[in-house]
Amino acid sequence: MTARYARVVVDSRLPQLDRLFEYRIPPALEGVAPGVRVRVPLRGDRTAAGYVVEVADARAWEGEVADIEAVVSPVPVLRPEVWALARAVADRAAGGAADVLRVAIPGRQARVEKAWLARAAEGAAAEAAEPAATEGAELTETDASPEPDAPPESPAPLEPDDASAPLLPGLVEARRKVALECAGGVAEVPVAGGGTAWVGRWAVALAGLARQAVERGEQAILVVPDHREQRQLRLALEAAVGEERVVELDARQRNPERYAGFLRCVDGGGLAIIGPRSAVYAPAADLGLLVVWEDGDPLLAEPLSPWVHARDAALVRQGQTGCALVIAGHARSTDAERLVEVGFLEHERVGAHRVRVLPTALADDGRRVPAAAFHAAREALASRPVLVQVARPGHAPGLRCGDCGTRARCAACGGPLGQRTRGGQPGCRLCGRLAAAWRCPSCHGIRLVEVGRGSTRIAEELGRAIPGVPVVVADGEHERLTLDARPRIVVATRGAEPVADGGYGAVLLLDGDSLLAREGLRVAEEAVRQWATARALAAEGATVVLAGVIGPTVGALTGDTTVPFAKAELAERRSLRFPPAVRTASVVGHPDAVAEALEALAGIEHLDVLGPVPAEGAPGDRLERAIVRFAYADGAHVAGVARGRVLAAAARPRKPGAPPRLRIRLDDPEPFDGL
DNA sequence: AGCACGCCGACT
DNA sequence: GTCGGCGTGCTC
């Protein structure tokens with residue numbers, strides 16, 4: 001009997017281990033097949049978890065080969081397409097594939113898995129009784145134990161719906177790649193148990209696109225920034241394709257639910273898969289459509305190494321599978337606009353939303369609510385709720401000394417002190433510590449005065465100014481997803497706006513000035529995105545008041561498309577050589593390692609280096625930081641060199657527990673945040 | 001990361 | 001004469 005061999009990706013953060021290792025499959029060990037989780041020995045007496053990527057009859061490694069220690073689970077959780085995706089995404093980001101897999105594959109839940117395997121066995125038995133056409137591009141395994149591939153309980157195929165005229169018909173079939181600007185507005189969709197729910201019209205539009213894929217028996221993956229959008233999209237999808245064809249992959253779900261959803265994707269068939277940024281890696285075998293909603297939202301950037309943005313992962317996956325791709329939002333991001341300008345995406349816009357956007361100056365008395373806003377609010381409150389978008393939660397975002405004017409800071413961490421409630425104990429906005437007996441460090445005064453207005457204070461003021469109307473607050477502390485159509489004032493921080501049945505009668509965008517006052521590359525773009533998101537919640541014909549803002553961002557909101565604004569932003573970034581007109585790499589580490597890395601990168605055309613400058617790190621060791629800017633066309637080259645330098649540097653550090661000698665992060669937005 | 005192999009100072 | 005320092009290299 002000839003031995004068989006498995007090539008395994010080891011779950012390790014070490015760049016040195018970021019390649020496939022070959023192991024012998026002991027003849028007695030069952031269930032080894034591509035995609036399954038295994039435990040393998042590593043030099044010494046260490047063992048590591050990993051995934052089987054390939055199984056082969058011949059060995060490729062000349063040296064000694066160890067045996068696979070155990071099969072952790074026989075479920076093929078790493079599909080070949082997802083492995084290829086993780087590898088390519090990691091390569092593009094100069095990071096490790098295992099780091100990407102950690103995001104792509106949720107933790108195992110033994111009970112959920114057992115149930116899934118039992119159903120899979122049933123399905124296989126049924127199929128054996130009545131042989132059906134075997135699926136194509138399946139795992140390469142030949143003679144393993146009962147293959148859990150068969151869709152156990154796939155819902156009946158979705159019949160084409162001729163009644164409703166679909167948006168962008170044929171988009172999935174033609175495998176189009178589109179940058180989609182969605183007009184605002186809300187729509188009512190039927191809910192499974194009876195009744196209806198109101199969701200953004202964008203969700204209905206995207207659900208219609210997903211339906212195109214599901215009708216073809218393919219999967220659609222729809223990536224959203226967070227659970228608020230996910231809820232709307234889920235409702236719209238359930239109405240469009242049926243509850244049984246919608247899978248949620250949400251980190252907020254309980255682990256078992258999340259894993260069950262993940263395993264349903266493995267089943268295949270016509271499915272709409274929705275989830276946060278990690279859903280872009282969902283195990284879909286016949287991917288027809290990939291959608292990224294609101295791609296400008298910072299939540300779509302993975303905060304873990306190698307810090308891949310869901311939009312970028314989607315672009316890679318589209319390239320590998322050839323599926324249709326939709327990068328959508330209420331406002332066009334500069335990144336999506338770049339893809340339009342280079343001819344990769346087609347521009348599309350769907351829907352129409354008739355609202356009146358009224359830019360106004362701030363009230364003369366320094367209060368946040370201009371007269372025009374009061375007027376619009378009073379008028380709308382006759383029949384509908386009114387949304388007031390503010391910058392900060394709580395009562396007073398800042399405090400200062402009543403005697404000398406010094407800004408009050410936390411004694412422990414130096415963060416700004418604020419007040420959560422009227423008359424409440426001052427507390428640090430950074431570390432949350434309460435400042436019981438505050439004393440001004442410069443004049444020893446003890447009197448504090450409020451600076452600025454948070455959501456609850458604005459709510460109080462509006463409640464007093466417009467008596468008889470209920471006021472509700474929606475912010476991080478008071479989460480509120482929906483609202484009925486009764487007149488009331490809703491004060492919400494950005495991103496926390498509830499969806500009101502039928503839409504808001506008026507939307508007041510306050511604090512725009514403070515939003516734009518911050519310095520940063522993406523400040524204006526992000527402001528426009530957040531305003532457009534709030535504007536989208538307005539009812540047809542509503543008034544939207546944009547208070548205290550001047551400059552090009554106003555035009556982005558008063559016009560009926562944000563594309564010219566995105567174009568202008570992008571043109572400016574291009575002239576400055578700022579992202580996303582160029583790609584960047586931030587190089588941080590030991591001065592020698594940084595110098596070596598920069599030397600290795602020198603000579604690439606159109607590449608320039610900012611720095612190196614001293615950077616802050618652990619006390620004791622010197623750190624330097626440099627920013628490298630380069631053209632998209634050189635991405636693979638730069639990433640390859642960067643990875644090589646990180647690898648070389650990793651072989652060196654000798655201090656235990658010390659940070660890596662060299663860290664290279666591609667497309668790091670942080671250095672440009674303050675520009 | 002951990003752990004093994006490999007060449008130079010103070011010990012029984 | 002040897003025990004052991006941690007500098008370099010490797011992990012199937």
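Remember, it's a predicted structure, so these values are computed and weren't measured experimentally. Chain naming here is simple, since letters A, B, ... match the order of the sequence lines and numbering starts at 1 in each.
Residues A/Val594 and A/Val588 fail the side-chain proximity criterion, which asks for heavy atoms closer than 4.5 Å.
Pairs passing the salt bridge (charged side-chain N to carboxylate O under 4.0 Å, His left out) check and including a residue from residues 34-51 of chain A, sequence neighbours excluded, do not occur.
Remark: A/Arg338 qualifies as a cation-pi partner of A/Tyr632 under the 6.0 Å distance and 45° angle criteria applied to the six-membered ring.
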Under 3.5 Å, sequence neighbours excluded: what are the donor-acceptor pairs made by side chains of residues 270-283 of chain A?
unit_1	atom_1	unit_2	atom_2	d
A/Arg277	NE	A/Glu302	OE1	3.1
A/Arg277	NH1	A/Leu299	O	2.8

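Residues satisfying the side chain to side chain donor-acceptor pair (under 3.5 Å) test with A/Arg231, not counting sequence neighbours, are none.
Side-chain contact annotation: A/Trp116 with A/Asp267, donor-acceptor N/O pair under 3.5 Å present. Residues A/Ser73 and A/Glu113 have side chains that bring a donor and an acceptor to within less than 3.5 angstrom of each other. The closest side-chain donor-acceptor pair between A/His227 and A/Glu479 falls under 3.5 angstrom.
If you check residues 38-46 of chain A against DNA chain B, the residues with a heavy atom closer than 4.0 Å are A/Arg43, A/Arg46, listed by number. Within residues 10-18 of chain A, the residues having any heavy atom under 4.0 Å from DNA chain C are, by residue number, A/Gln16, A/Leu17. Contacts between residues 587-600 of chain A and DNA chain C, counted as heavy-atom distances below 4.0 Å, involve no residue at all.
For A/Leu20 and C/dC12, the CG to C1' distance is 10 Å, given to the nearest whole Å. Rounding to whole angstrom units, OH of residue A/Tyr51 and C1' of C/dC12 are separated by 19 Å. Between the C1' atom of C/dT11 and the CD atom of A/Glu22 lies a distance of 14 Å, rounded to the nearest Å.
Between the side-chain ring of A/Trp61 and the base of C/dC12, a stacking contact exists by the 5.5 Å and 30° definition.
Residues A/Tyr23 and A/Tyr5 place their aromatic rings such that the two centres sit no closer than 6.0 Å.
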> Taking it one step at a time, do A/Leu287 and A/Ile221 satisfy side-chain contact (heavy atoms from CB on, under 4.5 Å)?
Replying inline: CA-CA 8 Å; A/Leu287 187 59; A/Ile221 296 176; 3.6 Å; yes
